[in-house]
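In what follows, chains are A, B, ... by sequence order, proteins preceding strands, each numbered from 1. The figures that follow rest on heavy atoms only: side chains count, while hydrogens, waters and symmetry mates do not.
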Amino acid sequence: MAKAPVLTPQSEDFPRWYQDILAKAELADNGPVRGTMVIRPYGYSLWERMQAEVDQRIKAAGAENAYFPLFIPQSYLTREAEHVEGFSPELAVVTHAGGKELEEPVVVRPTSETVIGEYMSKWVQSHRDLPLLLNQWANVVRWELRTRIFLRTSEFLWQEGHTAHATEADASAYALQILHDVYRAFMVDVLAIPVLIGRKTRQERFAGAINTLACEAMMRDGKALQMGTSHELGQNFAKVFDISFQDTSGEQQTAWTTSWGVSTRMMGGLIMCHGDDTGLRVPPRLAATQVVVMVIKDGDGAGEAAARLVSELQAAGVRAKLDGRTDTSFGRRSIDWELKGVPVRVEVGPRDLANGEVTIVRRDLAEKRQVPIAEVGHRVEMLLELIQSDLLAEASERRDTNTFDVSTIEEAREAAQQGFARIPWATLGEEGEAKLAEDAITVRCLQSADGQVPASETESGVVAVVARAY
RNA sequence: CUGGCCGUGGCGCAGUUUGGUAGCGCACCGCGUUUGGGACGCGGGGGUCGUGAGUUCAAAUCUCACCGGCCAGACCA
């Protein structure tokens with residue numbers, strides 16, 4: 001009795017699978033305006049967990065949250081030449097408001113370097129005011145041609161950090177610190193997504209930056225997704241917004257700034273890195289609901305036993321939830337929780353209950369096990385840890401087996417059809433990069449021989465990781 | 001913007017070739033029986049057929065324009 005699959009299988013049509021899961025796991029819908037999205041409560045609960053975890057790490061890195069306006073005077077954007085050039089094609093500009101045409105149009109922020117630069121300039125007078133470490137959680141708008149929910153939408157949610165430093169070395173070190181201690185740590189430890197870190201080529205650099213660092217992940221279809229970026233802005237913005245200070249010897253100096261961000265795109269990464277043909281698989285540390293305790297059927301004491309388990313788990317600090325919707329069939333509810341990717345299910349029914357047991361199910365492996373009721377708390381906690389590390393291990397292995405060391409551009413092109421190709425940057429170069437671009441293959445990042453972020457692209461042993469990307 | 005496919009109840013589709021006034025599955029509502037992997041029976045509700053114009057006695061169906069979606073290309077978190 002083979003039922004129709006719940007989702008279009010990944011192997012059959014990956015983009016379709018992605019669309020299916022967005023709808024069936026109740027993650028998000030398209031918004032009424034082209035390219036916008038509505039994030040549904042379950043999807044938003046995952047985003048809120050991401051925010052909480054990232055926010056905590058940002059604060060640990062010393063930055064403080066603030067909020068800057070959605071509207072930016074158009075003139076601000078035009079001050080930094082590369083910045084305008086990079087962003088002007090995707091700006092949403094307000095020309096009319098209050099029933100009148102505005103004297104100066106305002107743009108809806110595509111990113112906030114400019115407004116924040118203007119205020120940093122006011123706030124920074126002395127070397128004692130540095131470093132100035134700011135962050136904001138906000139929405140931004142970039143009018144995109146081809147959009148996909150979470151991966152590229154005209155409006156998205158993100159966190160953007162903006163800092164000013166007294167020296168280039170300090171700014172550079174901070175941009176790297178954010179990449180390591182905030183982004184990579186969060187992605188690996190919480191999202192269970194193994195990410196490569198590296199620097200971007202000139203071609204891929206942020207508009208107005210002197211250096212862009214990034215975290216890159218491999219999705220289940222072998223394509224790359226940029227999960228986060230951290231930019232060294234040099235003195236480009238500090239000069240045009242006059243962020244300057246008096247140093248210890250009384251000299252006037254120009255500051256060095258950075259900016260860095262992660263967005264709701266990480267939701268797409270989560271889905272495409274861990275999701276399988278039965279739905280999402282949420283790593284336990286991220287999961288808004290880690291355990292669902294299901295009452296199989298009413299009237300046999302299961303309801304009471306399940307409620308008791310939920311409170312015990314909650315008391316132990318587990319994010320547990322009761323599913324007592326016994327007016328819906330058990331099979332239907334199981335499938336719903338699998339779609340949503342809740343890591344562990346505890347099934348409470350008369351058969352097991354008669355033996356003082358319940359059934360525990362791992363979402364990631366679809367593995368069921370009978371466990372004495374008294375051991376549930378302990379077993380669940382162990383399982384959550386195990387699932388977290390297994391998801392990371394599985395994703396790492398998939399990435400590694402789909403990463404190929406190559407020595408020619410032709411081989412790189414070939415390998416990128418399946419996954420990542422690693423090719424010496426000295427071999428590829430900007431000409432090779434342009435050549436690969438004809439086949440929609442891009443340099444995701446440059447790494448030093450040991451997998452770290454190279455100090456410069458000319459450093460010896462630098463490897464370009466190339467792939468098709470979202 | 002370029003090329004291909006496609007817009008019909010919430011979702012997925014048939015109906016379009018050969019114009020005749022809209023149907024199926026799932027979902028939804030009610031009642032009952034069910035509940036250890038998408039339950040079943042009976043009874044219901046819901047659609048300006050993407051939008052506009054045109055041809056016609058008559059348009060989901062034919063013509064034109066526009067809008068939107070998906071996939072593949074140029075840009076980006």
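- Just one residue in the list A/Glu394, A/Arg220, A/Met218, A/Met219 forms a side chain to side chain contact (heavy atoms under 4.5 Å, CB included) with A/Arg399, and that residue is A/Met218.
- Side-chain N or O atoms of A/Asp323 include none that pairs as donor or acceptor with a backbone N or O of A/Val292 at under 3.5 Å.
- Rounded to a whole angstrom, the distance from the C1' atom of B/U17 to that of B/U61 is 10 Å.
- Side chains of A/Ser112 and A/Glu160: a donor-acceptor N/O pair is present below 3.5 angstrom, by distance only.
- Counting non-hydrogen atoms under 4.0 angstrom, A/Phe206 reaches the backbone sugars and phosphates but no base.
- Across all strands shown, B/C71 is found opposite B/G3 as a Watson-Crick or G-U wobble partner, with both distances under 3.5 Å.
- Across all strands shown, the partner of B/C26 is B/G10, judged by Watson-Crick or G-U wobble contacts whose two distances both fall under 3.5 Å.
- A parallel orientation is assigned to the rings of A/Phe206 and A/His231, their planes being inclined by less than 30° (bins at 30° and 60°).
- For the P atoms, the distance from B/C29 to B/G46 is 16 Å, rounded to whole Å.
- The partner of B/G47 cannot be assigned: no Watson-Crick or G-U wobble pair with both contacts below 3.5 Å exists in any strand.
- Going from atom CH2 of A/Trp17 over to atom P of B/G12 covers 18 Å, rounded to whole Å.
- Between A/Phe68 and A/His162, the gap from one ring centroid to the other reaches at least 6.0 Å.
- Place A/Pro89 and A/Arg325 on RNA chain B by their nearest nucleotides, and A/Arg325 ends up nearer the 5' end.
- Rounded to the nearest 0.5 Å, atoms CG (A/Leu27) and CG (A/Leu280) are 6.0 Å apart.
- Atom-to-atom, CG of A/Asp323 to C1' of B/U35 comes out at 12 Å; the value is rounded to the nearest Å.
- Following rounding to the nearest Å, A/Arg152 (CZ) and B/C70 (P) show an atom-to-atom distance of 12 Å.
- Rounded to an integer number of Å, the gap from NZ of A/Lys297 to C1' of B/A39 is 13 Å.
- A/Ala207 comes within contact range of no nucleotide atom at all, as no heavy-atom separation falls under 4.0 Å.
- Across all strands, A/Thr153 comes closer than 4.0 Å to base atoms (heavy-atom distances).
- If you check residues 330-362 of chain A against RNA chain B, the residues with a heavy atom closer than 4.0 Å are A/Phe330, A/Gly331, A/Arg332, A/Ser334, A/Ile335, A/Glu338, A/Arg345, A/Glu347, A/Gly349, A/Pro350, A/Arg351, A/Asp352, A/Thr359, listed by number.
- Between the CZ atom of A/Arg205 and the P atom of B/C75 there is a distance of 16 Å, given to the nearest Å.
- Between A/Asp276 and A/Arg363, at least one side-chain N (NZ, or NE/NH1/NH2) sits under 4.0 Å from a carboxylate O, which counts as a salt bridge.
- OP1 or OP2 of B/C71 lies within a sub-4.0 Å distance of a side-chain N or O belonging to A/Arg148.
- B/G73 and B/A60: their P atoms are spaced 39 Å apart (whole Å).
- Pairing partner, B/C64: B/G52, with both Watson-Crick or wobble hydrogen-bond distances short of 3.5 Å.
- Using a 4.0 Å heavy-atom criterion, one finds that A/Lys368 contacts the bases of the nucleic acid, with or without backbone contacts as well.
- A/Thr111 and A/Arg109 form no side-chain donor-acceptor contact under 3.5 Å, judged by distance and modelled atom types alone.
- A/Thr328 comes within 4.0 angstrom of a nucleotide base, judged by non-hydrogen atoms across all strands.
- Using atom P as the reference point in both B/G54 and B/A58, the two lie 12 Å apart (nearest Å).
- With a 6.0 Å cutoff to the six-membered ring centre and a 45° limit on the axis angle, A/Arg142 counts as a cation-pi contact of A/Trp158.
- Following rounding to the nearest Å, A/Arg16 (CZ) and B/C6 (C1') show an atom-to-atom distance of 11 Å.
- Across all strands shown, the partner of B/C31 is B/G41, judged by Watson-Crick or G-U wobble contacts whose two distances both fall under 3.5 Å.
- Residue order along RNA chain B, read from the 5' end via each residue's closest nucleotide, puts A/Ala437 first among A/Ala437 and A/Thr229.
- Within the 4.0 angstrom heavy-atom criterion, base atoms lie near A/Thr326.
- Nucleotide B/A59 is matched to nothing when pairs are restricted to Watson-Crick or G-U wobble geometry with both distances under 3.5 angstrom.
- Comparing B/A74 with B/G68, their P atoms sit 23 Å apart, to the nearest whole Å.
- Residues from residues 256-285 of chain A that place a heavy atom under 4.0 Å from any atom of RNA chain B, listed by number: A/Ser263, A/Arg265.
- Here, B/U18 and B/A39 have their C1' atoms 43 Å apart, quoted to the whole Å.
- Atom C1' of B/U48 sits at a distance of 29 Å from the matching atom of B/G43, rounded to the whole Å.
- A salt bridge does not link A/Glu232 to A/Arg205: none of the charged side-chain nitrogens sits closer than 4.0 Å to a carboxylate oxygen.
- Atom P of nucleotide B/C70 and atom CG of A/Asp13 are separated by 13 Å, given to the nearest angstrom.
- Using a 4.0 Å cut-off between charged nitrogen and carboxylate oxygen, A/Lys368 and A/Glu347 count as a salt-bridge pair.
- Between A/Tyr76 and A/Phe241, the two ring planes are perpendicular [angle over 60°; tilted spans 30° to 60°].
- Between B/A59 and B/U51, the two C1' atoms lie 15 Å apart (nearest whole Å).
- Here B/G12 presents its P atom at 13 Å from CG of A/Leu22, a figure rounded to the nearest Å.
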